[in-house]
Amino acid sequence: QVQLVESGGGLVQAGGSLRLSCVASGRTFSVYYMGWFRQAPGKEREFVGRISGSGFNTYYASSVKGRFTISRDNAKNTVYLQMNSLKPEDTAVYYCASPRGALRWGPADYWGQGTQVTVSS
């Protein structure tokens, strides 16, 4: 079965940085897009960014563009979310996800358990 496990969340002060990791198992990692989403308490889950299987293409939500960077290491079956210049409004549970189909982005059918990121003011 496909499993995605996030790690790296924690408490950081505004302006600081944090790197999240997501390790995938149960599929051929390099042929699948990976995405990051987040959900703050009482808010809808929102898209953060995505990266293609090769790592060549990335796309970010406007709210994080220029501050967050997605990368991946296919040899380690891991996708990363480097978060810089963090703001209190970035506080949320962060999830990694992947679509069911290979080679393209689509509805995220596989989800990790989430990792909490808290940014203090």
Side-chain angles (χ1 to χ4, degrees):
Q1 63 185 54
V2 176
Q3 293 191 71
L4 306 174
V5 181
E6 303 96 334
S7 63
L11 176 65
V12 64
Q13 65 183 31
S17 298
L18 205 60
R19 189 182 75 161
L20 307 183
S21 299
C22 173
V23 179
S25 62
R27 57 166 39 184
T28 304
F29 183 71
S30 63
V31 302
Y32 292 94
Y33 270 81
M34 294 293 296
W36 286 96
F37 295 77
R38 66 186 183 185
Q39 187 168 26
K43 302 294 191 296
E44 295 181 351
R45 184 173 296 183
E46 66 172 331
F47 170 79
V48 174
R50 64 175 183 258
I51 186 168
S52 63
S54 67
F56 184 77
N57 294 310
T58 56
Y59 181 80
Y60 303 92
S62 60
S63 59
V64 306
K65 192 173 184 178
R67 299 188 298 119
F68 291 10
T69 302
I70 298 173
S71 61
R72 66 193 294 161
D73 185 341
N74 288 339
K76 296 181 178 180
N77 282 9
T78 302
V79 62
Y80 304 96
L81 180 65
Q82 178 67 48
M83 304 182 292
N84 298 325
S85 301
L86 283 162
K87 305 173 181 179
E89 51 262 46
D90 294 319
T91 295
V93 177
Y94 283 72
Y95 300 88
C96 65
S98 187
R100 180 180 181 182
L103 307 178
R104 64 175 63 86
W105 182 248
D109 287 344
Y110 300 104
W111 297 86
Q113 84 290 345
T115 185
Q116 177 71 48
V117 172
T118 302
V119 184
S120 62
S121 59

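For the pair Arg27 and Tyr32, the cation-pi criterion (under 6.0 Å, within 45° of the ring axis) is fulfilled. Remark: Arg72 qualifies as a cation-pi partner of Phe29 under the 6.0 Å distance and 45° angle criteria applied to the six-membered ring. For the pair Arg45 and Tyr95, the cation sits on the ring face: its NZ or CZ lies under 6.0 Å from the ring centre, inside 45° of the axis.
Rounded to the nearest 0.5 angstrom, Leu103 CG and Ser52 OG are separated by 10.0 Å. Rounded to the nearest 0.5 angstrom, Asp73 CG and Ser21 OG are separated by 10.0 Å. Here the straight-line distance linking atom CZ of Arg38 with atom CD of Glu89 works out to 8.0 Å at 0.5 Å rounding.
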task = Would you sort out whether Thr69 and Tyr80 count as a side chain to side chain contact (heavy atoms under 4.5 Å, CB included), showing the intermediate values?
result = CA-CA 8 Å; Thr69 302; Tyr80 304 96; over 6 Å; no
request  = Go through the steps for Ser98 and Arg50 under the test side chain to side chain contact (heavy atoms under 4.5 Å, CB included), then give the verdict.
outcome  = CA-CA 9 Å; Ser98 187; Arg50 64 175 183 258; over 6 Å; no
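By the 4.5 Å heavy-atom criterion applied to side chains, Gln113 and Val5 are counted as neighbours. In this structure the side chain of Ser7 never reaches within 4.5 angstrom of the side chain of Arg19, judged on heavy atoms. Contact annotation: the side chain of Met34 approaches that of Cys22 to within less than 4.5 Å [non-hydrogen atoms, C-beta and beyond]. Residues Arg67 and Met83 fail the side-chain proximity criterion, which asks for heavy atoms closer than 4.5 Å.
Residues Ser17 and Asn84 bring a donor and an acceptor atom of their side chains to less than 3.5 Å of each other.
Thr91 places no side-chain N or O within 3.5 Å of a backbone atom of Thr118 that could act as its donor or acceptor partner. In this structure, the side chain of Gln3 does not engage the main chain of Ser25 through any donor-acceptor pair within 3.5 Å. A donor-acceptor contact shorter than 3.5 Å links the side chain of Thr78 to the backbone of Lys76. A donor-acceptor pair under 3.5 Å is absent between the side-chain atoms of Asn74 and the main chain of Ser54, judged by distance alone.
What you find for Cys96 and Glu6 is that their closest heavy atoms are N-OE2, 2.7 Å. The minimum heavy-atom distance linking Trp105 with Phe37 is given by the pair CZ2-CZ, 3.8 Å. Here the closest heavy-atom approach between residue Pro88 and residue Ser121 is recorded as CG-CB, 3.9 Å.
Under the 4.5 Å side-chain contact rule for hydrophobic residues, Tyr110 and Ile70 share a cluster. Both Leu20 and Ile51 are part of a single hydrophobic cluster, where members link through side-chain heavy atoms under 4.5 Å apart. Note: the hydrophobic cluster containing Trp111 also contains Tyr33 (ILVMFWY, side chain heavy atoms under 4.5 Å, direct or indirect links). Under the 4.5 Å side-chain heavy-atom criterion for Ile, Leu, Val, Met, Phe, Trp and Tyr, Tyr60 and Tyr94 are members of the same hydrophobic cluster. Follow the hydrophobic side-chain contacts under 4.5 Å out from Val93 and you never reach Val12; the two are in separate clusters.
Heavy-atom contacts from other residues, nucleotides or ligands closer than 6.0 Å to CZ of Phe47 number more than 12. Sparse packing is recorded around CD of Gln13, with 12 or fewer heavy atoms of other residues, nucleotides or ligands lying under 6.0 Å away.
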